[in-house]
A.B. asks: 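Quick one: the structure is below, questions incoming.
All figures in this text were calculated on a predicted structure; none of them were measured in a lab. Quick note on labels: first sequence line is chain A, next is B, and so on, each numbered from 1.
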Amino acid sequence: MIRRSEIASILKEPKIGDQVTVMGWVRAFRNNRFIALNDGSTAGNLQIVVDPDQLPEEVLKQISFHACVKATGQLVESQGAGQSVEVVAETLEILGGNNLEQYPLQPKRQTMEFLRDKAHFRMRTNTFSSVFRVRHAIAYAVHKYYNDRGYYYLHTPIITGSDAEGAGEMFQVTTLPIGDPPRTEDGSINWKEDFFGKATNLTVSGQLQGEIGALALGKIYTFGPTFRAENSNTTRHLSEFWMIEPEVAFNDIEDNMDLAQDFVQYLINYVLENYLEDLEFLDQRIQQAEKNLPQDKRRPMGLIEMLRFVVDNDFERITYTEAINVLRRSKPFKKGKFEFEPQWGSDLQAEHERFLVEKHFKKPVIVRDYPKAFKAFYMRLNDQQEGVPGETVAAMDVLFPFIGEVIGGSQREDRYDVLLRRIEEMDIPEEELWWYLELRKFGGAPHSGFGLGFERMVQFITGMTNIRDVIPFPRAPKTAEF
RNA sequence: GCCUCAGUAGCUCAGCUGGUUAGAGCGGCGGACUGUUAAUCCGUAGGUCGUAGGUUCGAGCCCUACCUGAGGCGCCA
């Protein structure tokens, strides 16, 4: 059998005159003569030229949209304007015919909502194949970034016995019969009889275990699935998503912010350098879509232009207290345009974050030192600062245009007594965190880390507006098909 | 979970203040085409108008409930 050539390598280094065999799916069949073939290896198509007189009628008829074909022939310079090379087919074989009377996709612009219901076919479209190539590129770049810098990839558990992680509602994991679970004498469910001998859930974060790693290996990162049972119906939440969580011993909040910026810029840069063709396609796609929008609804910059801008400029860094001041001095506040009043002690609303990022600073913004009241128990309590009305913690959120919070992190509370006090203050069951507390008791160290929402990063880099379109098989409320 | 909007052909949509046989483009199917670029041209078949009730002489259009989807907000990554 002749070896298959991938279209990516043919287009990258075309060897004119070579005999090649290609296999792929038909994107278009024009003039009974020209096949635009795509095999997923690249955004580009390879044109296959067939002679309709040389092909059996039966084969010719089966060359149709998204049918799978194998073609062998000589690679020649193209006479047409749309491509530089093409294959003149000597043989053409149908590997998988397509029944267009029943096939849902069409060679035209389809809505994202429609394609979402056809997740088994949507990856064959230009848009989704580009999105998923870029998704892969970012995942690879994550590992490369940390490996090259001496971090260890730590696998934290997916099933967790702790419900004190403090990051929202959890999915319960159980093998007990849900209709008739064993009961204790007082009638409550007897979790001792469950598979693990206790109540267990799917993880909402690998951070607490990540800290165990950091306090031994120095620098670790996790990259795994994360589950939140929140009834979130937005374009930037999933019930099952992937999160990257670096955790670094001896890093303070400043180091943490440096890492966050450097890491994110690296990821974007990696895609710009290695998957520019896909980005160009996605960029054009957005510009096409925005043609119909009024000027003020359009993006201020093209996709690639924006990515380069983020790579080339430092993120703005401000404290929460400064952010509130900026907001209270802002035009929209004075004109009463905010639905919620920016006020020290209340969390920043989406409208506030968007103003800071998109209107005021016009670049990614890192907000730090939030009031302790609405942040997690494990964040390090700051010393009282002048001009700050209340107690704050060394938290930091990285805010991006369009998608908001991409990173949430902090310096961790490493002082045993302070941590214990906070756990008590917030009514968190101390006995579940015994090992977490012991990390502070026995050879503790200052350390910091953050969580990067992987899909949000993919969303930002691809410009996709709905997070469900950057994960192959989205899990969201009422959504678990495929 | 809350708010807003939407559900009419396979897809995207039009359908006037309620009034006869519900339209278009794309796609499909049949045909033409030896240099096409979302190819083009000719012809043709597709619809219990989201579901269930109700108002009315008469409902795609009005009312009620439910279902589904989208967007915004909250929760956060």
A.B. asks: Starting from P on B:A77, measure out to CZ on A:R468 and report it in whole angstrom.
C.D. replies: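 Distance check: A:R468 CZ to B:A77 P gives 19 Å.
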A.B. asks: Check whether any side-chain N or O of A:N231 sits under 4.0 Å from OP1 or OP2 of B:G1, and answer yes or no.
C.D. replies: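 Result: yes.
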A.B. asks: Rounded to whole Å, how long is the line connecting atom CD of A:E353 with atom C1' of B:G74?
C.D. replies: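 A:E353 atom CD is separated from B:G74 atom C1' by 12 Å.
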A.B. asks: Phosphate oxygens OP1/OP2 of B:C73: is one of them under 4.0 Å from a side-chain N or O of A:R354?
C.D. replies: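 Affirmative; the distance criterion is met.
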A.B. asks: So which atom in A:I159 and which in A:L202 form the shortest heavy-atom distance, rounded to 0.1 Å?
C.D. replies: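 Taking A:I159 first and A:L202 second, the nearest heavy atoms are CG1-CD2, 4.5 Å.
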A.B. asks: Under 4.0 Å between any heavy atoms, over every strand shown, what does A:A36 touch: base, sugar-phosphate, or nothing? Just pick one.
C.D. replies: nothing
A.B. asks: Within the structure shown, what part of the strands sits under 4.0 Å from A:G408 by heavy-atom distance: base, sugar-phosphate, or nothing?
C.D. replies: sugar-phosphate
A.B. asks: Considering only atom C1', compute the distance from B:C26 to B:A14 and round it to an integer number of Å.
C.D. replies: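 It works out to 14 Å between them.
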A.B. asks: Between A:P477 and A:L100, which residue's closest nucleotide on RNA chain B lies nearer the 5′ terminus?
C.D. replies: A:L100
A.B. asks: Between A:L105 and A:T125, what is the shortest heavy-atom contact and its length?
C.D. replies: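 Distance-wise, the nearest heavy atoms are CD1-CG2, 4.1 Å.
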A.B. asks: Rounding to the closest angstrom, what is the interatomic distance between B:A65 and B:G46 at atom P?
C.D. replies: 38 Å
A.B. asks: Rounded off to whole Å, could you give me the CD-to-P distance for the A:E86 and B:U34 pair?
C.D. replies: 17 Å
A.B. asks: For A:F454, which residues count as a ring-ring contact (aromatic ring centres under 6.0 Å, His included) partner, sequence neighbours excluded?
C.D. replies: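 By the ring-ring contact (aromatic ring centres under 6.0 Å, His included) rule, A:F454 matches A:F223.
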A.B. asks: Under the side chain to side chain donor-acceptor pair (under 3.5 Å) rule, what pairs show up with a residue in residues 22-31 of chain A, not counting sequence neighbours?
C.D. replies: A:R27-A:N38, A:R27-A:N126
A.B. asks: NA contact type, A:R27, heavy-atom cut-off 4.0 Å: base, sugar-phosphate, or nothing?
C.D. replies: nothing
A.B. asks: Rounding to the closest angstrom, what is the interatomic distance between B:A24 and B:A9 at atom P?
C.D. replies: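 It comes out at 14 Å once rounded to the nearest Å.
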A.B. asks: Please measure how far the P atom in B:C3 lies from the corresponding atom in B:U40, and state the result in whole Å.
C.D. replies: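 Their P atoms lie roughly 47 Å apart.
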A.B. asks: In whole Å, what is the span from the CE atom of A:M112 to the C1' atom of B:A70?
C.D. replies: 14 Å
A.B. asks: Looking at B:A77 and A:F454: do their rings stack (centroid distance under 5.5 Å, interplanar angle under 30°)?
C.D. replies: no
A.B. asks: Which value, in whole Å, describes the distance between the C1' atoms of nucleotides B:U68 and B:G31?
C.D. replies: 41 Å
A.B. asks: If the sugar-phosphate is the primed atoms plus P, OP1 and OP2 and the base is the rest, what is the B/S/- string for nucleotides 2-15 of chain B, using protein heavy atoms under 4.0 Å?
C.D. replies: --------BBS---
A.B. asks: Hey, could you give me each pair passing salt bridge (Lys or Arg N to Asp or Glu O under 4.0 Å) that has a residue in residues 364-375 of chain A? Not counting sequence neighbours.
C.D. replies: A:E254-A:R368, A:K372-A:E391, A:K372-A:E425, A:K375-A:D397
A.B. asks: Let's test your reading of the model: under 3.5 Å, does the base of B:G35 pair with the side chain of A:Q79 as donor and acceptor?
C.D. replies: yes
A.B. asks: Looking at the rings of A:H66 and A:Y103, which for Trp means the six-membered one, are their centres under 6.0 Å apart?
C.D. replies: yes
A.B. asks: Specify the glycosidic conformation (syn or anti) of B:G46, with syn defined as within 90° of 0.
C.D. replies: syn
A.B. asks: Would you state whether a donor and an acceptor, one from the side chain of A:S232 and one from the base of B:C76, lie under 3.5 Å apart?
C.D. replies: no
A.B. asks: Does A:T235 have a side-chain nitrogen or oxygen under 4.0 Å from the phosphate oxygens OP1 or OP2 of B:G72?
C.D. replies: yes
A.B. asks: In terms of the nearest nucleotide of RNA chain B, which residue is placed more toward the 5' end: A:T465 or A:S239?
C.D. replies: A:T465
A.B. asks: Taking any heavy-atom pair under 4.0 Å as a contact, classify A:Q83: base, sugar-phosphate, or nothing.
C.D. replies: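 Counting heavy atoms under 4.0 Å across all strands, the contact made by A:Q83 includes a base.
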A.B. asks: Does some side-chain heavy atom of A:L46 sit less than 4.5 Å from a side-chain heavy atom of A:V87?
C.D. replies: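 In short, these two side chains touch, coming nearer than 4.5 Å.
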A.B. asks: Tell me: CZ of A:F34 to C1' of B:G35, nearest whole Å?
C.D. replies: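 In whole Å, B:G35 C1' and A:F34 CZ are 4 Å from each other.
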A.B. asks: Atom CZ of A:R228 and atom P of B:G74: how far apart are they, to the nearest Å?
C.D. replies: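 Value for this atom pair: 16 Å.
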A.B. asks: Taking only the side-chain nitrogens and oxygens of A:Q349, find out if one of them lies under 4.0 Å from OP1 or OP2 of B:C73.
C.D. replies: no
A.B. asks: Tell me whether the rings of A:F400 and A:F315 are parallel (<30°), tilted (30 to 60°) or perpendicular (>60°).
C.D. replies: perpendicular
A.B. asks: Choose from B:C33, B:C29, B:U37 the nucleotide whose nearest atom is closest to any side-chain atom of A:N31.
C.D. replies: B:C33
A.B. asks: Have A:Q74 and A:D18 got a donor and an acceptor in their side chains that come within less than 3.5 Å?
C.D. replies: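 No, A:D18 and A:Q74 have no side-chain donor paired with an acceptor closer than 3.5 Å.
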A.B. asks: Are A:T235 and A:N466 linked by a side-chain donor-acceptor pair shorter than 3.5 Å?
C.D. replies: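 Checked: A:T235/A:N466 side chains show no N/O donor-acceptor pair below 3.5 Å.
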A.B. asks: Could you tell me the separation between the CZ atom of A:R135 and the C1' atom of B:A77, rounded to a whole number of Å?
C.D. replies: 13 Å
A.B. asks: Under 4.0 Å between any heavy atoms, over every strand shown, what does A:L238 touch: base, sugar-phosphate, or nothing? Just pick one.
C.D. replies: base
A.B. asks: Report yes if at least one side-chain N or O of A:R236 is closer than 4.0 Å to OP1 or OP2 of B:G72; otherwise report no.
C.D. replies: no
A.B. asks: I'd like the C1' distance from B:U34 over to B:C49, given in whole Å.
C.D. replies: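 That atom pair is separated by 46 Å.
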A.B. asks: Take atom C1' in B:A59 and the same atom in B:G50, then report the distance between them in whole Å.
C.D. replies: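 To the nearest whole Å, 16 Å.
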A.B. asks: Quick one: side chain to side chain donor-acceptor pair (under 3.5 Å) pairs with a partner in residues 75-84 of chain A, sequence neighbours left out?
C.D. replies: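 For residues 75-84 of chain A: A:S78-A:Q83, A:S78-A:E86.
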A.B. asks: With side chains defined as the heavy atoms from C-beta onward, is the minimum distance between A:Y152 and A:N147 less than 4.5 Å?
C.D. replies: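 The answer is no, as the side chains (C-beta and beyond) never meet within the 4.5 Å cut-off.
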A.B. asks: Please give the distance between the C1' atoms of B:A45 and B:G28 as a whole number of Å.
C.D. replies: 9 Å
A.B. asks: Strictly distance-based, threshold 3.5 Å: is any side-chain N or O of A:K219 a donor or acceptor partner for the main-chain N or O of A:R149?
C.D. replies: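 Yes, A:K219 side chain to A:R149 backbone: donor-acceptor pair under 3.5 Å.
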A.B. asks: Which helical stems does RNA chain B take part in, if a stem means at least 3 consecutive Watson-Crick or G-U pairs with both distances below 3.5 Å?
C.D. replies: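 Ordered by first number, the stems with RNA chain B (at least 3 consecutive pairs each) read B:1-7 with B:67-73, B:10-13 with B:23-26, B:28-32 with B:40-44, B:50-54 with B:62-66.
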A.B. asks: Picking from B:U34, B:A39, B:G35, which would you name as closest to the side chain of A:D53?
C.D. replies: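 Taking heavy atoms from C-beta onward, the closest nucleotide is B:U34.
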A.B. asks: Side-chain N or O of A:R30 less than 4.0 angstrom from OP1 or OP2 on B:U36?
C.D. replies: no
A.B. asks: Given atom CD1 of A:I403 and atom P of B:G72, what is their separation to the nearest angstrom?
C.D. replies: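 The distance from CD1 of A:I403 to P of B:G72 comes to 13 Å, rounded to the nearest Å.
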